[in-house]
Amino acid sequence: MTKRRFTPAYPAELRERGVRLFRENRADYTSDTGAYRAIAPKLGCSPDSLRAWCQQAERDAGQRAGLTSAEKDRIKELEREVRELRTANEILKKASAYFAAAELDRPFKR
């Protein structure tokens with residue numbers, strides 16, 4: 001198993017500022033990559049983080065195909081609910097099997 005690197009959680013204000021800076025200054029650079037590399041150090045993040053924030057902002061605005069932030073949040077919520085329901089279902093199955101076995105062990109009365 002590979003060891004995952006620590007990824008800091010950047011505040012929403014920083015992400016919004018980074019997206020705004022990219023949009024305002026993009027014309028000053030020959031490519032998106034050049035803009036990401038120049039702007040990211042000023043924010044204290046990696047160019048890849050800034051790129052991801054900008055692409056997600058475009059998805060949220062409907063300018064790029066893909067899942068919006070709200071859709072991603074809803075999917076996470078539903079996946080969490082499915083996990084909880086599966087766990088509850090397993091508990092109920094085990095309880096049902098336990099009580100069924102206990103019922104079989106009882107002596108038969110006429």
Side-chain angles (χ1 to χ4, degrees):
M1 185 165 120
T2 60
K3 194 172 191 178
R4 293 185 68 178
R5 291 184 180 179
F6 171 74
T7 54
Y10 295 101
E13 297 83 22
L14 179 70
R15 292 189 299 250
E16 291 167 6
R17 181 172 171 232
V19 170
R20 184 177 39 78
L21 282 171
F22 174 77
R23 288 179 179 164
E24 290 172 355
N25 298 305
R26 169 57 184 97
D28 299 342
Y29 300 94
T30 57
S31 68
D32 287 352
T33 304
Y36 296 137
R37 287 183 179 160
I39 296 169
K42 296 174 186 173
L43 297 169
C45 67
S46 71
D48 193 49
S49 293
L50 179 59
R51 179 191 58 77
W53 301 340
C54 292
Q55 289 179 349
Q56 188 61 50
E58 290 174 359
R59 285 186 202 102
D60 291 345
Q63 300 168 347
R64 179 184 282 263
L67 296 174
T68 64
S69 296
E71 291 169 334
K72 285 182 177 183
D73 292 341
R74 180 70 176 141
I75 289 170
K76 282 183 185 179
E77 180 184 326
L78 291 171
E79 287 173 344
R80 186 177 318 112
E81 187 176 341
V82 166
R83 272 193 311 275
E84 290 170 2
L85 289 171
R86 285 187 176 151
T87 301
N89 197 24
E90 283 300 313
I91 291 169
L92 290 171
K93 282 181 183 178
K94 289 177 181 177
S96 175
Y98 173 79
F99 287 116
E103 186 69 25
L104 291 174
D105 291 343
R106 283 185 16 188
F108 180 71
K109 292 185 181 178
R110 285 191 179 212

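These values consider heavy atoms only, across backbone and side chains, with no hydrogens, waters or symmetry-generated copies. All residue numbers in this chain count up from 1 along the given sequence.
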Partners of [X] by side chain to side chain donor-acceptor pair (under 3.5 Å), sequence neighbours excluded?
{"X": "Lys72", "result": "Gln56"}
{"X": "Glu16", "result": "none"}
{"X": "Arg74", "result": "Glu77"}

Q: Specify the closest pair of heavy atoms between Leu50 and Ala40, including all atoms of both residues, with the distance to one decimal.
A: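 Heavy-atom minimum between the residues: CD2-N, 3.9 Å.
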
Q: Kindly give the heavy-atom pair with the smallest separation between Thr68 and Asp60, and that separation in Å.
A: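 Distance-wise, the nearest heavy atoms are CA-OD1, 3.3 Å.
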
Q: Pick out which of Arg23, Arg51, Arg64 makes a salt bridge (charged side-chain N to carboxylate O under 4.0 Å, His left out) with Glu58.
A: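 When salt bridge (charged side-chain N to carboxylate O under 4.0 Å, His left out) is applied between Glu58 and each of Arg23, Arg51, Arg64, only Arg64 qualifies.
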
Throw together a table of side-chain donor-acceptor distances under 3.5 angstrom for residues 82-96, partners on residues two or more places apart or in other chains.
{"from": "Thr87", "atom 1": "OG1", "to": "Arg83", "atom 2": "O", "distance (Å)": "2.9"}

Quiz: residues 31-39 side-chain donor-acceptor pairs under 3.5 angstrom, not counting sequence neighbours:
{"from": "Ser31", "atom 1": "OG", "to": "Gly34", "atom 2": "N", "distance (Å)": "3.1"}
{"from": "Asp32", "atom 1": "OD1", "to": "Arg26", "atom 2": "NE", "distance (Å)": "2.3"}
{"from": "Asp32", "atom 1": "OD1", "to": "Arg26", "atom 2": "NH2", "distance (Å)": "3.2"}

**Q.** Salt-bridge contact Lys76-Asp73 (side-chain N to carboxylate O under 4.0 Å)
**A.**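 Looking at Asp73 together with Lys76, the answer is no, because their closest N to O distance does not fall below 4.0 Å.
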
Q. Can the ring centres of Tyr10 and Trp53 be said to be less than 6.0 Å apart?
A.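 Yes, ring centres under 6.0 Å apart.
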
Q: Taking salt bridge (charged side-chain N to carboxylate O under 4.0 Å, His left out) as the test, write out the residues that go with Arg20, two or more places apart.
A: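 Scan of Arg20 (salt bridge (charged side-chain N to carboxylate O under 4.0 Å, His left out), adjacent residues dropped) gives Glu24.
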
